[in-house]
Undergrad: 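Below are the C-alpha cells for one structure; questions will follow.
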Amino acid sequence: MTSAQGTLACPLPRCRAVNAATAETCQACATPLRAWARLRTHPAKLFNEGLEAARSGRTTIARDHFAAVVHWCPGDAEARSALALACLLLNDPDEARHHWHQVLTRRPNDPTALKGLSHLNPGTKRQRTPLEPEPTEPEHPPTDTAPEAKPKPPATDPPTHKPPNPRPHPTPAYYSAPRSD
C-alpha cells in the first residue's frame with residue numbers, strides 16, 4: 001500500500017492515487033485509508049485472539065474467533081484447521097470433519113488436516129481427499145461364498161472389563177503460532 005516513503009497508494013484498483021502517508025482518506029476517491037489498513041490486519045488479530053483463548057481453555061471463544069477469520073478469509077487453511085480443532089474439542093466431530101475436508105480441497109496433503117481426520121477415524125493411515133475418486137466396491141457381496149453358521153456359545157456373564165478409552169483429543173498446543181500481519 002505504501003508506494004514511496006511518506007506516501008500511501010489508494011488500495012482500490014480503479015484509483016491507486018498517491019496520498020500523504022498521514023492521510024485519513026484518499027484525495028481522489030475518498031476511500032477511508034486508515035480504516036482500510038485496520039481491516040486488513042483484523043483477521044490476524046482475530047486469529048491471535050483465538051489462539052490465546054484456546055491456550056487458556058476458552059474453546060468456545062476460540063471457535064468463534066476462528067469462525068470469523070474463516071468467514072472473512074475462506075481460503076485460510078490455517079484458520080480453518082484451528083476452527084476444526086476447536087469444533088472437535090467442543091464435541092462436534094461432524095463440523096470438524098467438514099472443515100478439515102475443506103482444507104484438503106485446497107491443500108490435498110495438509111499435515112494438520114490429515115492428522116485431524118486420522119484422529120476422527122482411528123485405524124486409517126490416510127484420508128481420501130475430496131478430489132480423489134471414491135473407491136469402488138461391489139454393490140452386493142458374492143453369494144457363492146456364504147459363511148457357515150456357527151453354533152452359539154453358551155450364555156455367560158457379561159464381561160467385567162471396560163472397553164479402552166477413546167483416543168484423547170489433540171491438545172490445544174496443536175494450534176499454530178500467532179500471526180504477525
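Counting from 1, the numbers follow the sequence of the chain as shown.
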Undergrad: Given E24 and L33, is the side-chain contact (heavy atoms from CB on, under 4.5 Å) satisfied, shown in steps?
TA: CA-CA 5 Å; E24 287 292 320; L33 298 175; over 6 Å; no
Undergrad: Is L120 linked to L85 within one hydrophobic cluster, defined over Ile, Leu, Val, Met, Phe, Trp and Tyr using a side-chain heavy-atom separation of less than 4.5 Å?
TA: yes
Undergrad: Measure across L104 and N109 and return the closest heavy-atom pair with its distance rounded to 0.1 Å.
TA: CD2-N, 4.5 Å
Undergrad: Please report the shortest heavy-atom distance between H99 and C87, naming the atom on each side.
TA: CD2-SG, 4.5 Å
Undergrad: Of all heavy-atom pairs between A79 and F47, which one has the smallest distance, and what is that distance?
TA: CA-CE1, 3.7 Å
Undergrad: Yes or no on side-chain contact (heavy atoms from CB on, under 4.5 Å) for Q102 and R106, after CA distance, side-chain angles and deciding distance?
TA: CA-CA 7 Å; Q102 290 294 314; R106 292 180 181 265; over 6 Å; no
Undergrad: For the pair R34 (side chain) and T25 (backbone), establish whether a donor and an acceptor sit closer than 3.5 Å, ignoring hydrogens and angles.
TA: no
Undergrad: Measure the shortest side-chain to side-chain distance between T112 and E78 over non-hydrogen atoms and say whether it is less than 4.5 angstrom.
TA: no
Undergrad: Taking side chain to side chain donor-acceptor pair (under 3.5 Å) as the definition, give me every residue that meets it alongside S56, ordered by chain and number, with sequence neighbours left out.
TA: R58
Undergrad: Can you list, pair by pair, the side-chain donor-acceptor contacts under 3.5 Å of residues 62-71, counting residues two or more places apart and other chains?
TA:
{"from": "H65", "atom 1": "ND1", "to": "I61", "atom 2": "O", "distance (Å)": "2.9"}
{"from": "H65", "atom 1": "NE2", "to": "E49", "atom 2": "OE1", "distance (Å)": "3.1"}

Undergrad: Is L51 linked to V103 within one hydrophobic cluster, defined over Ile, Leu, Val, Met, Phe, Trp and Tyr using a side-chain heavy-atom separation of less than 4.5 Å?
TA: no
Undergrad: Tabulate below the donor-acceptor pairs under 3.5 Å that side-chain atoms of residues 12-20 make, not counting sequence neighbours, or state none.
TA:
{"from": "R16", "atom 1": "NH1", "to": "C10", "atom 2": "O", "distance (Å)": "3.4"}
{"from": "R16", "atom 1": "NH1", "to": "P11", "atom 2": "O", "distance (Å)": "3.2"}
{"from": "N19", "atom 1": "OD1", "to": "Q27", "atom 2": "N", "distance (Å)": "2.7"}
{"from": "N19", "atom 1": "ND2", "to": "L8", "atom 2": "O", "distance (Å)": "3.4"}
{"from": "N19", "atom 1": "ND2", "to": "A17", "atom 2": "O", "distance (Å)": "3.1"}

Undergrad: For W100 and L88, work out which heavy atoms get closest and say how close.
TA: CH2-CD2, 4.0 Å
Undergrad: Return the set of residues passing side chain to side chain donor-acceptor pair (under 3.5 Å) with R38 (not counting sequence neighbours), or none when no residue passes.
TA: none
